[in-house]
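Not measured: the values here are computed from a predicted model. Residue indices begin at 1 and follow the sequence shown.
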Amino acid sequence: QVQLVESGGGFVQAGGSLRLSCAASGRTFSIYRMGWFRQAPGKERDFVASITWSSGVTVYADSVKGRFTISRDSAKNTVYLQMNSLRPEDTAVYYCAIRSQPGGQYGHWGQGTQVTVSS
């Protein structure tokens with residue numbers, strides 16, 4: 001019922017920037033909070049950033065604070081992740097996900113978009 005499509009990944013040199021987008025669509029769904037996660041091969045999936053849909057309250061992982069900015073366009077059901085000062089350790093597949101209510105889980109996930117940062 002909910003489809004999430006990430007885009008904007010690619011190859012970038014260390015110190016460069018990328019902006020990821022995630023568009024949500026479906027006949028019936030609700031968004032309390034939308035988040036970005038990332039996963040490198042052989043590693044666990046890690047939280048990156050999130051934003052509440054109604055108020056725009058943001059949360060960031062310590063590893064990206066000051067470098068990444070999450071934002072949303074509620075009218076378009078789209079969340080963005082502006083990534084600046086990229087580092088090789090940021091290389092991963094980036095996923096967006098939806099939490100439908102407070103205290104709930106991120107139950108809806110996109111297919112991911114690859115971000116590769118070279119040194």
Taking every non-hydrogen atom, the tightest pair across R38 and A92: CB-CB, 3.7 Å
Kindly compute the distance separating CD1 (I70) from CE (M83), expressed to the nearest 0.5 Å. 11.5 Å
Sidechain-backbone polar pair: T113 side chain, G9 backbone, donor-acceptor under 3.5 Å: yes
Given V79, which partner from the list S21, C22, S74, S71 fulfils the side chain to side chain contact (heavy atoms under 4.5 Å, CB included) test? C22
Closest heavy-atom pair and its distance - S85, S17: N-OG, 4.3 Å
Locate the shortest heavy-atom distance separating I98 from A24; write the atom from each residue and the value. CD1-CB, 4.1 Å
State plainly whether one hydrophobic cluster holds both I51 and V2, where clusters connect Ile, Leu, Val, Met, Phe, Trp and Tyr through side-chain heavy atoms under 4.5 angstrom apart. yes
Closest heavy-atom pair, Y60 versus K65, reported as atoms and distance to 0.1 Å, is O-CE, 3.4 Å
Just one of S55, S50, S54 clears the side chain to side chain donor-acceptor pair (under 3.5 Å) bar with R33, so which one? S50
Using every non-hydrogen atom in the two residues, find where Q111 and L4 come nearest and quote the distance to one decimal. OE1-O, 3.3 Å
Salt bridge flag under 4.0 Å for residues D90 and R87: no
Without hydrogens or angle criteria, can the side chains of D73 and T78 be said to hold a donor-acceptor pair below 3.5 Å? no
Report the residue from V64, T69, L18, V48 that forms a side chain to side chain contact (heavy atoms under 4.5 Å, CB included) with L81. V48
Give me the atom names and distance for the closest heavy-atom approach of G26 to Q3. CA-OE1, 3.9 Å
To the closest 0.5 Å, what do you measure between CD1 (I31) and CG (N77)? 5.0 Å
Test F68 against W36 for ring-ring contact (aromatic ring centres under 6.0 Å, His included), laying out the working first. CA-CA 11 Å; F68 292 9; W36 286 98; 10.0 Å; no
Can you find a pair of side-chain heavy atoms, one from F47 and one from V59, that are under 4.5 Å apart? yes
Less than 6.0 Å separating the ring centroids of Y95 and F37? no
So, taking the atom named CE in M34 and the one named NE2 in H108, what distance separates them when rounded to the nearest 0.5 Å? 10.0 Å
Would the distance check show the side chain of R19 and the main-chain N or O of G8 forming a donor-acceptor pair, the cut-off being under 3.5 Å? no
Residue pair T52, Y32: steps toward the side chain to side chain contact (heavy atoms under 4.5 Å, CB included) verdict: CA-CA 6 Å; T52 61; Y32 166 69; 4.2 Å; yes
Examine R45 relative to W109 and say whether NZ or CZ is less than 6.0 Å from the centre of the six-membered ring and inside a 45° cone about the ring axis. yes
Would you say E89 has more than 12 foreign heavy atoms packed within less than 6.0 Å of its CD? yes
So, taking the atom named OG in S118 and the one named CD in Q13, what distance separates them when rounded to the nearest 0.5 Å? 5.0 Å
